[in-house]
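Data block below; observations after.
What you see is a predicted model; the values in this text were computed from it and never measured. Each residue takes its place number in the sequence, starting with 1.
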Amino acid sequence: MMYYYHPSYSALDLPERHRFPIQKYQLLKEQLSHFIDDDFFITPKQANKEHLALCHDQHYIDAFLAGTLAPKAIKKMGFPWSESLVERSLYSVGAAIQGAEYALKHGAAFNLSGGYHHAFSDHGSGFCIFNDLAIAAAHLIQTEQADTVVIFDCDVHQGDGTAEIINQHEQIISCSIHCEQNFPRIKQCSNYDFSLEHGTKDSDYLKAVQQAFELTTRLHQPDIILYNAGADIFSDDELGHFSVSLSGVYQRDHFVLSQAKAHNIPIFAALGGGYQRDTERLVNVHKQLFKAAVDLF
């Protein structure tokens with residue numbers, strides 16, 4: 001089991017009071033180092049243009065990399081464009097590709113970034129530039145390392161970009177478990193959508209996760225699961241709208257990881273969303289995924 005991290009994850013220079021908690025990645029790495037040996041952390045390589053083109057329009061790729069996106073496109077992206085953003089995006093996608101390959105061989109791997117499921121084929125959206133899990137899935141299929149990949153998305157927001165992209169990829173199955181009354185306002189059609197109500201609590205949420213996992217794995221027998229472990233399901237998340245406890249977050253992550261292990265399905269997990277201005281408290285929610293991993297693997 002390996003953990004992928006790069007300092008660029010937290011290296012963005014964002015405007016004061018920007019909504020995205022960019023320091024969470026560095027703080028998470030520091031806290032995980034207290035109970036995970038440094039030997040288990042891997043520095044990823046950057047993804048290349050060919051990787052990005054598996055799921056994204058070439059004009060969009062070229063414009064983003066060159067810094068020539070229109071102001072409207074940059075605004076929709078949610079981040080000001082910078083060379084640091086390019087670097088960060090390429091390392092995040094590279095970690096997804098390399099981590100998924102590692103998981104296929106060894107059972108499990110984790111990225112301290114990723115889950116950028118609002119990235120569409122031709123534009124970025126909602127703090128997501130390139131769709132790391134969709135690209136990793138398409139790469140595994142193109143290179144014949146996998147025949148069927150399930151993207152199991154437990155971020156509180158629907159994986160709308162993922163749904164749009166995988167319409168062109170029959171061997172990639174998207175499953176999104178999300179809050180109906182939340183961003184994005186216009187939902188896309190995943191292969192499986194579990195839309196839950198504002199204020200959903202532990203019991204109903206965990207029941208939906210269990211049903212979704214059992215359904216997708218039974219019907220599709222995936223070679224690997226790419227898991228978006230969004231921390232924004234937590235009750236105190238400022239962009240969430242669910243009422244899931246910290247224990248509920250741990251139970252979800254433990255269930256997904258343990259079921260993958262029990263069924264001998266390799267799993268690669270990305271960090272996903274999480275939004276609290278108190279970054280220390282936010283990191284503690286993200287940490288539940290890694291506590292579950294250490295308990296199981």
Side-chain angles (χ1 to χ4, degrees), residues 6 8-28 47 52 55-57 59-96 111-135 153-165 176 178-179 181-188 228-234 237-241 270-279 282-283 285-286:
H6 193 275
S8 66
Y9 292 174
S10 281
L12 287 187
D13 184 17
L14 298 179
E16 189 176 353
R17 296 193 64 76
H18 190 279
R19 192 66 198 81
F20 195 86
I22 196 65
Q23 289 306 313
K24 70 179 184 178
Y25 305 101
Q26 180 182 339
L27 291 174
L28 177 63
L52 304 178
C55 292
H56 292 284
D57 176 79
H59 294 293
Y60 169 57
I61 295 169
D62 292 342
F64 174 76
L65 296 180
T68 58
L69 286 174
K72 185 176 180 181
I74 294 174
K75 183 178 180 180
K76 190 173 183 65
M77 208 163 61
F79 288 131
W81 186 89
S82 66
E83 292 285 355
S84 298
L85 181 61
V86 172
E87 180 182 45
R88 177 183 186 273
S89 301
L90 295 179
Y91 276 120
S92 292
V93 175
N111 187 16
L112 274 65
S113 176
Y116 299 126
H117 61 169
H118 299 309
F120 282 69
S121 58
D122 62 354
H123 68 273
S125 174
F127 310 131
C128 302
I129 314 303
F130 296 121
N131 199 307
D132 54 310
L133 296 187
I135 293 169
D153 192 338
C154 290
D155 192 281
V156 78
H157 307 103
Q158 194 215 26
D160 54 342
T162 303
E164 181 260 341
I165 287 172
S176 180
H178 55 266
C179 179
Q181 299 88 5
N182 206 330
F183 180 88
R185 183 176 61 84
I186 299 174
K187 306 291 192 289
Q188 302 294 316
N228 185 353
D232 44 13
I233 64 164
F234 180 53
D237 195 273
E238 291 155 18
L239 300 181
H241 305 336
L271 202 65
Y275 306 91
Q276 296 183 59
R277 295 206 183 271
D278 186 335
T279 314
L282 171 58
V283 165
V285 185
H286 279 300

Is there a side-chain contact between [X] and [Y] (heavy atoms, below 4.5 Å)?
X      : Y      : result
Leu271 : Asn111 : no
Ser121 : Glu164 : yes
Leu14  : Arg19  : no
Pro80  : Pro15  : yes
Asn131 : Cys55  : no
His118 : Phe183 : yes
Phe127 : Tyr275 : yes

Looking only at heavy atoms, which two atoms of [X] and [Y] are closest? And how far apart?
X      : Y      : answer
Tyr60  : Gly124 : OH-N, 3.2 Å
Ile233 : Cys154 : CG2-O, 3.5 Å
Ser113 : Arg88  : OG-NH2, 4.5 Å
Tyr116 : Asp132 : N-OD1, 2.8 Å
Asn182 : Leu239 : ND2-O, 3.1 Å
Leu133 : Ala270 : CD2-CB, 4.1 Å

Out of curiosity, [X] [atom1] to [Y] [atom2], how far, rounded to the nearest 0.5 Å?
X      : Y      : atom1 : atom2 : result
Ser89  : Leu65  : OG    : CG    : 8.5 Å
Leu27  : Leu282 : CG    : CG    : 9.0 Å
His157 : Lys187 : NE2   : NZ    : 9.0 Å
Ile74  : Thr68  : CD1   : OG1   : 9.0 Å
Cys179 : Asp237 : SG    : CG    : 11.0 Å
Ser82  : Glu87  : OG    : CD    : 9.5 Å

Donor-acceptor pair between Lys24 and His286 side chains, under 3.5 angstrom: yes
Ring pair (Phe, Tyr, Trp, His ring centres under 6.0 Å) assessment of Phe79 paired with His18: CA-CA 9 Å; Phe79 288 131; His18 190 279; 5.7 Å; yes
Whether Phe120 and His123 hold their rings parallel, tilted or perpendicular, with breakpoints at 30° and 60°: parallel
Whether Tyr9 and Tyr25 hold their rings parallel, tilted or perpendicular, with breakpoints at 30° and 60°: perpendicular
Audit row: Met77, Leu85, side-chain contact (heavy atoms from CB on, under 4.5 Å) steps and yes/no: CA-CA 11 Å; Met77 208 163 61; Leu85 181 61; 3.8 Å; yes
Over 12 foreign heavy atoms within 6.0 Å of CZ, Arg277: yes
Result of checking Thr162, Asp160, Asp153 against His117 for side chain to side chain donor-acceptor pair (under 3.5 Å): Asp153
Between Phe64 and His56, ring centroids under 6.0 Å: no
